[in-house]
Amino acid sequence: MIKAAGITKNFGKNSVLKNVSTTINRGEVVAVIGPSGSGKSTFLRCLNLLEQPTSGEIWINDQAITDRKTNKLEVRKQIGMVFQHFHLFPHMTVLENVTYAPKKVKKMKSIDAEAKAKGLIAKVGLSDKMNTYPSRLSGGQKQRVAIARALAMEPEIMLFDEPTSALDPEMVKEVLDVMKDLVDTGMTMVIVTHEMNFAREVADRILFLDDGKLMEEGDPGTFFSQPKTDRAKDFLAKIL
Ligand code: ADP
Ligand code: MG
């Protein structure tokens, strides 16, 4: 479903991704881990063209999205993204946040967008907050709205960039539980996370990035118990 071939990204002289290649199958859940500054966010942002790779190709469903002729908005319609800091529209209620893009981008009728949004808001456990503004929500609630908002566009792929890193500890579980429900639906997911227990439990595969390079890639059991590289061993020793 996603194929990255030799992705390199430079910011000026700073080489942030170095020849990263991987393939992600439909329904697969991939956790991207690695030290701060290793290029995890940049990799994720390349997958939906929030960043254009300096070189290399990305294919989504047999379409080379890195081709300059590609319509970036069309690509992003297929790919939902959830950020560390939620990025909700502050002047819109929960319901308005979730209906906005389907109405604006997909030209859905209000009544249909609202019916769909209400279902999604219920799924993330926030039916009682439908008409609340983001400033009145906890971090965990905001992130659950952000997930519902991304799902409202009916994406084929969901990208998560440290979705629980900005949350107070007691709110991490409610967000991870929503993500687990999504895993159970068969969604293709790429998740940058520092939640190693979560990665071990739900990921089909771990990508370990270090200094812009894909240093290791493998199933969680093997990666966590027998990391191959010293970089991965050092990283795991620091955080586990
Ligand atoms: P991670 O998510 O693993 O912490 P990032 O992908 O955010 O890493 O960043 C990798 C490197 O790229 C860092 O050195 C960061 O400063 C640099 N970087 C990221 N985005 C930009 C940008 N828009 N302009 C310049 N440098 C950037
Ligand atoms: Mg990051």
Side-chain angles (χ1 to χ4, degrees), residues 2-22 24 29-58 60 65-66 68 72-73 75-76 79-88 139-140 142-143 146-147 150 157-169 171-172 175-176 179 189-200 202-203 205-218 220 223-224 227-240:
I2 307 173
K3 184 172 172 181
I7 297 304
T8 294
K9 178 68 184 176
N10 303 332
F11 289 112
K13 275 188 256 168
N14 192 7
S15 180
V16 169
L17 291 176
K18 298 165 183 161
N19 200 24
V20 173
S21 299
T22 192
I24 297 170
V29 177
V30 172
V32 181
I33 68 176
S36 178
S38 58
K40 304 181 298 296
S41 295
T42 304
F43 175 67
L44 217 56
R45 293 166 63 84
C46 283
L47 294 182
N48 67 354
L49 297 181
L50 285 177
E51 301 288 357
Q52 181 80 33
T54 306
S55 64
E57 285 186 328
I58 295 170
I60 306 268
I65 62 163
T66 36
R68 300 275 165 181
K72 289 185 181 152
L73 290 177
V75 171
R76 285 187 208 129
I79 306 177
M81 184 145 179
V82 173
F83 302 88
Q84 181 175 357
H85 294 289
F86 329 121
H87 295 235
L88 296 178
K142 282 183 206 171
Q143 197 59 299
I147 294 171
I157 298 164
M158 284 283 285
L159 308 177
F160 294 85
D161 194 357
E162 297 197 31
T164 60
S165 293
L167 302 179
D168 291 333
M171 291 168 192
V172 169
V175 171
L176 295 182
M179 292 170 67
M189 296 163 72
V190 186
I191 308 166
V192 175
T193 185
H194 293 293
E195 295 289 332
M196 295 302 145
N197 289 330
F198 177 75
R200 197 192 311 240
V202 309
R205 190 145 49 94
I206 305 285
L207 304 187
F208 174 70
L209 283 181
D210 188 70
D211 192 26
K213 289 196 278 273
L214 180 55
M215 298 289 289
E216 292 197 32
E217 157 166 49
F223 175 78
F224 286 110
K228 292 194 264 308
T229 59
D230 288 341
R231 295 295 195 122
K233 282 178 201 162
D234 287 351
F235 175 73
L236 291 173
K238 281 193 193 112
I239 56 161
L240 291 180

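In each ligand, atom 1 is the first atom listed, and ligand 1 is the first ligand listed.
- Looking from atom 7 (O) of ligand 1 to the surrounding protein, the closest heavy atom is S41 CB, 3.7 Å.
- Of the N or O atoms in G37, one or more lie within a sub-3.5 Å distance of an N or O in ligand 1.
- The closest donor-acceptor contact from the side chain of E217 to the backbone of F208 lies at 3.5 Å or more, if one exists at all.
- For the side-chain contact (heavy atoms from CB on, under 4.5 Å) criterion with I2, the lone passing option out of I60, V30, T22 is I60.
- For a threshold of 3.5 Å applied to N or O pairs, the pair formed by G39 and ligand 1 contains at least one separation below that value.
- For the Mg ion (ligand 2), the N/O/S atoms of Q84 include none lying under 2.8 Å.
- Closest protein heavy atom to atom 5 (P) of ligand 1: T42 OG1, 3.7 Å.
- Checked by atom type and distance alone, the side chain of T193 never pairs as donor or acceptor with a backbone atom of E162 at under 3.5 Å.
- Each of the atoms 10 (C), 11 (C), 12 (O), 17 (C) of ligand 1 lies under 4.0 Å from some heavy atom of V16.
- For the residue pair E216 and T229, a side-chain donor N or O sits within less than 3.5 Å of a side-chain acceptor on the partner.
- Closest protein heavy atom to atom 24 (N) of ligand 1: F11 CD2, 3.4 Å.
- Of all atoms in ligand 1, listed by their number and element, those nearer than 4.0 Å to a heavy atom of P35 are 3 (O).
- A salt bridge links D211 with K18: at least one charged nitrogen is closer than 4.0 Å to a carboxylate oxygen.
- Which parts of ligand 1 touch N14 is read off a 4.0 Å heavy-atom cut-off, strictly below it: atoms 14 (O).
- The protein does not reach atom 15 (C) of ligand 1 closely, with no heavy atom under 4.0 angstrom from it.
- The backbone N or O of V29 sits nowhere less than 3.5 Å from a side-chain atom of R205 that would complete a donor-acceptor pair.
- Contact annotation for D161 and ligand 1: no heavy atom of the residue comes within less than 4.0 Å of the ligand.
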Could you walk me through whether T42 and F11 satisfy the side-chain contact (heavy atoms from CB on, under 4.5 Å) test, starting with their C-alpha distance in whole Å, then the side-chain angles of each, then the deciding distance to 0.1 Å, before giving a yes or no?
CA-CA 10 Å; T42 304; F11 289 112; 4.1 Å; yes
**Prompt:** Would D210 and S38 satisfy side chain to side chain donor-acceptor pair (under 3.5 Å), going step by step from the backbone distance to the final call?
**Reply:** CA-CA 5 Å; D210 188 70; S38 58; 6.0 Å; no
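- In the vicinity of S36, heavy-atom distances shorter than 4.0 Å reach the ligand 1 atoms 4 (O).
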